[in-house]
Amino acid sequence: MTIDRASRLVPEPRSSAEVTGEHSQFRLDLERIRFSPYFSRLSAVTQVIAQPGAGPLIHNRLTHSIKVTAVARAIAVKLTDPASPARELALEHGCDAVVVQAAASAHDLGHPPFGHLGERVLDRLARETLGLVDGFEGNAQSYRILTALDVSEAAPRGLNLTAAVRTAVAKYPWTRYIDASGFGDGPLPRGLRRTGQGIDVPKYSAYGIDALDLEQARAGLPPMQQSLECSVMDIGDDVAYSIHDVDDFYRAGVLSQGAVAREFRGWIEGWRQLRELDEEALRARTAPAGSALEALRRKFARDDPWVADDDAFSDAVDVVADDLVDGLLATPFDGSIASERALSSFTNRWITHLQSSVVPAPRDVVRSGLVTLDRRAWHEVEILKFVHRHFILDRADIVMYQRGLSRVLARAVKGLTAWATDEHDRDRVPQRLKELVEIATDGYAALRHERPEGVPIPAAGDVRRLGVGRGVVDYVASLSDDQALAVSEALDGRPDKLWDIGQNL
């Protein structure tokens, strides 16, 4: 059964003055997302570098989401252009630019405080401390916010979005309990990985508690395949992420031209010798310059043989070395108009190029959505992302700071859980935490009756415990960076930021 793309779980009356077309329903979704307090909160959530340490021009989750929306919309419009070679694909699967905008605006709603670090820490705490088998995942949290936690006059819970928009948000359209055995020894979709114990599912778009909603929204779509609008949003995310992270690190002065140039020149001049090294030699501290790029080339060949190509990789290294290493990074950012112009030129040039490089994906490639970047652009984006991963995220000073932030989240989760389960004091927990616990508890109770396929059904005696755990995670994940710090310090008995919390709990 294929569901009406504009249908909602709770039917809504339409006034006589309202335009009743499908497109207007999607625009209503976009407005609900953009007026959501969860959307506004993203302005106070770290993207990669925290703003207090790097200045106000560094991207946060809100500015990132706005730029993803702009990039993804431009791609959607181009795909549906009468002259586009992908127009037939767009008409077949549906590619409404407003659906794409709504999904792009919503795609990061579930990201917790402190960027991807917060996601990893909450996942570990959820599984190991709170007994939530499906842990925490930012994409699943985004879906949960849209369908269960945010509010609208139109439905008891959630924003009551159309099926098309809910589907477009689901970048990894499965739960953590997906049966991936059907892939055998072949390639796995992005978001799944092989381990010594089988196939792990680190990325997914719905918790078990929200599985039936996702199943209903995606009725009629092939299992585990993104909708076309989701694929466009996903590419827009990749493009924006690869470019504005370079923008941030250049502005902050933490991207060393010398170190980046050494790595790129090492590979360009020594790729033949690097190919002779084994994996252990590439990872050694004494590995020659270019070893990290060589490891990246091998990873491409291993994970994505459908698009990986040695010549394309070499060309992409040359292009990024010329434009980024010998171009933008050769002159340190000093805040002048000239440096702003150079950065703007670099950003606009790459965004324009990558937006125009979207093509229909080969059929039956599980590692890609319905559309993808062409071979050249695919390699360029992956190499741009390599720059920030290799030269920034592994820095000892950043790792040291992140270890401290992980303890902040641990104190908040453990402290709030102890409070919510304290029979002498649980009535005084913040009102919003009480409500989130009740929503989650109701969800686990409903799970015992709905029994979605593949999802573990909780025992009656576990419903309340799971509800408390999920409610605490929902609460902590909805805090801003500063709120998480304040809550953690207050629970630790430190009054430094007590009155900063106010009624925002």
Side-chain angles (χ1 to χ4, degrees), residues 46-50 53-54 58-59 64 114-117 119-120 190 193 202 237-271 273-275 277-304 308 310 312-330 332-333 346-347 350 354 373 377-403:
T46 294
Q47 175 69 15
V48 177
I49 299 178
I58 298 301
H59 287 85
H64 164 70
F114 315 136
H116 287 290
L117 164 81
E119 191 173 9
R120 292 192 301 272
R190 286 187 308 140
R193 66 187 177 200
D237 190 17
D238 261 0
V239 169
Y241 175 70
S242 66
I243 301 302
H244 69 48
D245 274 1
V246 171
D247 179 317
D248 282 351
F249 304 140
Y250 177 58
R251 284 183 183 278
V254 296
L255 196 54
S256 166
Q257 196 267 352
V260 181
R262 180 176 178 272
E263 179 65 23
F264 274 74
R265 292 303 167 204
W267 191 88
I268 290 170
E269 295 171 4
W271 63 269
Q273 293 79 14
L274 289 167
R275 290 194 184 186
L277 299 179
D278 60 27
E279 298 293 332
E280 185 177 352
L282 286 181
R283 293 192 300 268
R285 283 182 59 87
T286 56
S291 294
L293 275 169
E294 173 59 19
L296 182 68
R297 184 194 67 80
R298 296 182 190 185
K299 183 178 186 300
F300 289 169
R302 182 174 61 251
D303 293 348
D304 289 287
D310 285 347
F313 183 87
S314 180
D315 290 344
V317 170
D318 287 341
V319 168
V320 174
D322 181 61
D323 203 12
L324 175 63
V325 184
D326 297 333
L328 183 68
L329 299 183
F333 183 82
F346 174 87
T347 300
W350 275 97
L354 296 173
L373 293 168
W378 187 92
H379 284 81
E380 290 167 344
V381 164
E382 294 300 325
I383 289 173
L384 285 167
K385 290 193 292 186
F386 160 83
V387 171
H388 104 263
R389 285 197 307 267
H390 184 69
F391 295 100
I392 301 298
L393 297 187
D394 290 338
R395 286 174 48 136
D397 52 354
I398 290 180
V399 174
M400 183 185 303
Y401 179 60
Q402 289 182 331
R403 287 179 66 85

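Only this structure's heavy atoms are used, side chains among them; waters, hydrogens and symmetry mates stay out. This is a predicted model, so every value here is computed, not measured.
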Set of side-chain contact (heavy atoms from CB on, under 4.5 Å) partners for [X], sequence neighbours left out:
X	result
Ala289	Arg262
Ala281	Leu277, Asp278
Ala295	Leu282

For this session: Applying side chain to side chain donor-acceptor pair (under 3.5 Å), name anything that partners Glu279, two or more places apart in sequence or on another chain.
Result: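 If we apply the side chain to side chain donor-acceptor pair (under 3.5 Å) test to Glu279, skipping adjacent residues, the hits are Arg298.
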Minimum heavy-atom separation for [X] to [Y], with atom names?
X	Y	result
Tyr250	Leu255	N-CB, 4.5 Å
Ala308	His379	CA-NE2, 3.7 Å
Pro332	Ala330	CD-O, 3.8 Å

Problem set entry | Of all pairs that satisfy salt bridge (Lys or Arg N to Asp or Glu O under 4.0 Å), the ones with a partner from residues 379-390, not counting sequence neighbours | Asp238-Lys385, Arg376-Glu380, Glu382-Lys385
For this session: Run the numbers on Asp310 and Arg275 for salt bridge (Lys or Arg N to Asp or Glu O under 4.0 Å), then give the verdict.
Result: CA-CA 12 Å; Asp310 285 347; Arg275 290 194 184 186; 3.6 Å; yes
Exercise. What is the distance from atom CG of Asp247 to atom OG of Ser242, rounded to the nearest 0.5 Å?
Worked result: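 Asp247 CG to Ser242 OG: 11.5 Å, rounded to 0.5 Å.
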For this session: Look up atom CD1 in Ile243 and atom CG in Leu354, then write down how far apart they are to the nearest 0.5 Å.
Result: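 Interatomic distance, Ile243 CD1 to Leu354 CG, rounded to 0.5 Å: 5.5 Å.
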Problem set entry | Min side-chain heavy-atom separation Leu384-Tyr241 under 4.5 Å | no
Problem set entry | Flag side-chain contact, heavy atom, 4.5 Å: Arg297 against Trp271 | no
For this session: Just jot down the salt bridge (Lys or Arg N to Asp or Glu O under 4.0 Å) partners of Arg190, sequence neighbours excluded, or say none.
Result: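 Only Asp234 meet the salt bridge (Lys or Arg N to Asp or Glu O under 4.0 Å) criterion with Arg190.
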For this session: Tell me, with the steps shown, if Phe264 and Ile383 meet side chain to side chain contact (heavy atoms under 4.5 Å, CB included).
Result: CA-CA 10 Å; Phe264 274 74; Ile383 289 173; 3.8 Å; yes
For this session: Would you please name every residue forming a ring-ring contact (aromatic ring centres under 6.0 Å, His included) with Phe391, sequence neighbours left out?
Result: none
Exercise. Looking at residues at least two apart in the chain, or sitting in another chain, which of them share a ring-ring contact (aromatic ring centres under 6.0 Å, His included) with Phe313?
Worked result: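 Applying ring-ring contact (aromatic ring centres under 6.0 Å, His included) to Phe313 gives Trp267, Phe300.
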For this session: For Glu263 and Ala292, indicate whether the former's side chain and the latter's backbone hold a donor-acceptor pair under 3.5 Å.
Result: yes
Can you give each donor-acceptor pair under 3.5 Å made by side-chain atoms of residues 315-324, sequence neighbours left out, with the distance rounded to 0.1 Å?
{"from": "Asp323", "atom 1": "OD1", "to": "Arg349", "atom 2": "NH2", "distance (Å)": "2.6"}
{"from": "Asp323", "atom 1": "OD2", "to": "Arg349", "atom 2": "NE", "distance (Å)": "3.2"}
{"from": "Asp323", "atom 1": "OD2", "to": "Arg349", "atom 2": "NH2", "distance (Å)": "3.1"}
{"from": "Asp323", "atom 1": "OD2", "to": "Trp350", "atom 2": "NE1", "distance (Å)": "2.8"}

Exercise. Under the side chain to side chain donor-acceptor pair (under 3.5 Å) rule, what pairs show up with a residue in residues 283-293, not counting sequence neighbours?
Worked result: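 Found none.
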For this session: Show your working on side-chain hydrogen bond (donor to acceptor under 3.5 Å, both in side chains) between His64 and Asp237 and close with a plain yes or no.
Result: CA-CA 8 Å; His64 164 70; Asp237 190 17; 3.0 Å; yes
